[in-house]
Amino acid sequence: MVNVDKKSSQKYDVIVVGGGFSGLYMLHKLRKEGLSAVVFEGGDNVGGTWFWNRYPGARCDVPSMQYSYQFDEQLQQDWEWPERYSSQPDILKYINHVADRFDLRRDIQLQTWVESATYNEEEKQWHVKTSKGEAFARFCVMATGCLSSTNTPDVPGIKEYAGQVFHTGNWPKSEVDFTGKTVGILGTGSSAIQSIPLIAEQAEHLYVFQRTPNFSVPAANGPTNRQEASKIKARYSEFRKECANKFTGYDMHLNEKSAAEVSSNERVEEYEKRWANGGLMFLGAFSDLLINEDANETAAEFIRQKISSIVENPKVASLLMPDHKVGCKRLCADSGYYSTFNRDNVTLIDISKNPISSFQSMGLTTSNGEWTFDNLVLATGFDAMTGAISKIHVTGKQGNSLREKWIKNPKAYLGLGISGFPNLFTINGPGSPSVLTNMLPSIEQHVNWITDCINWTKLKGFDSIEATLEAEETWAEHVNEVAGQTIFPTCNSWYLGANIPGKKRTFLPYLGFPPYVEKCESVARNNYTGFEFS
Ligand code: N01
């Protein structure tokens, strides 16, 4: 581990902010290139998202054999994933193994929050102030995660609530025991859908406050199929290449047929097959589910019927049925979510028409009732893709603030570089495929690209590299244009920043991993078009 006092005002080639999947690989890669680097991480251990999201049932919904690093062949051969979809503790164990295996900890400073990063135009370097000191570097890489800045709703009186409050995205390390407790949970996104079945098993009574219902499909998790895993390992690098050619960067088993071209029997058969197999591959059932509203409606109706067949109380079933398009809010994968509403100790409260008016010390009031509970769980999501960076006072050229820039319009060229902020890179920043892909290959692609770019800049004798405003704007327009051809912008989601009051509504992630990679490679091949150097 970095000795805080000794290194607190040292100068590096690169400062990396964040010690999750991105920060760890970034450090490893920079070191391999002979560059000096430090990682500042706020948590008391590595892991990022997987360090903080310890809520009951936290699990990844991308298959374990794909949700893992591919940069080291021996690592991917050696590691054994116990389950098809990995639990948070197993992923954290893996991240810790990687930190030890590649001797990363000596350059990671834990429990160190980055407060500000200021670009010195004369010296062409970043001055980073942390909770423990300061450091300088020519380059700064924000590896701060897309879903790491928690969103706590600003409901009147929420601070008056006297029971214990837990946010799924910032769950305590010590065990939380809801036995004998009444619990209220706010939110019904992925985190809630994973945790509700487990909290319901423990709590005396669980009140679920739902503003918008969400589509969920069974995860069908289970132990890793060893035969299948061995087959993948026998040709891991080829398998990874095949996945990189998929739209989402992982294998969705996309059916080439459109929903319209098959009979209704064939359609239902396909949906049934995918429902039974489990997971997000449900969205690969037909080629046009995400681009054609009618096709999408066939999938939506199939899931609604499933809800109706699982949930015994028809009124509750009907409340759980979303009326938006499947996938426009991220599809969830669950283990017994809908059937949990058949339990006597679970009550669903619709707050779409009767919103929460205020919290009191013992609970909350909606326009049609009062609810008391011992503990409150906020499963209210994140200020996605820009929130974590905006929390840091980032100041670029001419004293301009990144927070101010992003309030008006959160954009970055290729999700990698920001005009007015030279030598600053974002891993999975706004405009990158990131959250619409398997995050791991997306992270590795960004880290590799950033490292090559830093090397190239140094090789050419430049002191700084900066995205041009024109390139940044053209890219942001393109991101929205591509999304506009799909069902994604048809509902309020965090992809659009719509979950954060006051955040500009713009589509944040880029749709399509292979064309994105091709674009990044072409930019690099052509001497980093869209960037300027000094
Ligand atoms: O957050 P969310 P999440 N009053 O934003 C509600 C990833 N992830 O933590 O829809 C009342 O999806 C909000 O309601 P509404 C995954 O990418 C992955 O669950 O805005 N309600 C919504 O129901 C996921 O998409 C995995 O009307 C309020 C909920 O809170 C992303 O993280 C697991 C409210 C927030 O849902 C975020 O998921 C978990 C208010 N003021 C997470 N404010 C896996 O890999 C918000 N809500 C499986």
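Just so you know, ligand 1 is whichever comes first in the structure, and atom 1 is the first atom listed for that ligand.
Comparing Thr212, Leu147, Asn214 by heavy-atom distance to atom 32 (O) of ligand 1, the nearest is Leu147. Proximity annotation for atom 46 (C) of ligand 1: of Thr380, Asn492, Ile351, Thr380 comes nearest, heavy atoms only. With distances taken over non-hydrogen atoms, the option nearest atom 42 (C) of ligand 1 out of Ser190, Ala192, Ala384 is Ser190. Scanning Arg211, Gln88, His324, Arg59 for the heavy atom closest to atom 34 (C) of ligand 1 points to Arg211. Compare Ser493, Pro322, Pro213, Ser191 by their heavy atoms: the one nearest to atom 3 (P) of ligand 1 is in Ser191.
Residue Thr168 places no N or O, backbone or side chain, under 3.5 Å from any N or O of ligand 1.
At least one heavy atom of Ala379 sits closer than 4.0 Å to an atom of ligand 1. The closest approach between a heavy atom of Leu186 and any atom of ligand 1 is below 4.0 Å. Within the structure, ligand 1 lacks Gln210 among the residues with a heavy atom less than 4.0 angstrom away.
The aromatic ring centres of Phe286 and Tyr271 sit less than 6.0 Å apart.
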Worksheet item: Do Trp406 and Lys503 pass the side-chain contact (heavy atoms from CB on, under 4.5 Å) test, and can you show the C-alpha distance, the side-chain angles, and the key distance before you say yes or no?
Response: CA-CA 9 Å; Trp406 275 0; Lys503 191 165 176 176; over 6 Å; no
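Of the possible donor and acceptor atoms, none in the side chain of Thr150 sits under 3.5 Å from a partner among the backbone N and O of Phe382. Looking only at distances, a side-chain donor or acceptor of Ser64 sits under 3.5 Å from a matching main-chain atom of Glu83.
The aromatic rings of Phe341 and Tyr337 stand perpendicular to each other, their planes meeting at an angle above 60°, with 30° marking the opposite boundary.
Screening Thr188, Ile351, Ile349 for a side chain to side chain contact (heavy atoms under 4.5 Å, CB included) involving Gln210 leaves a single residue, Thr188.
With a 4.0 Å cut-off on non-hydrogen atoms, Tyr55 touches ligand 1 through its side chain and not its backbone. Proximity of Phe209 to ligand 1, defined as any heavy-atom pair under 4.0 Å, is not found for any part of the residue.
Cation-pi geometry between Arg54 and Phe51 is met: the NZ or CZ atom falls under 6.0 Å from the ring centre, inside 45° of the normal.
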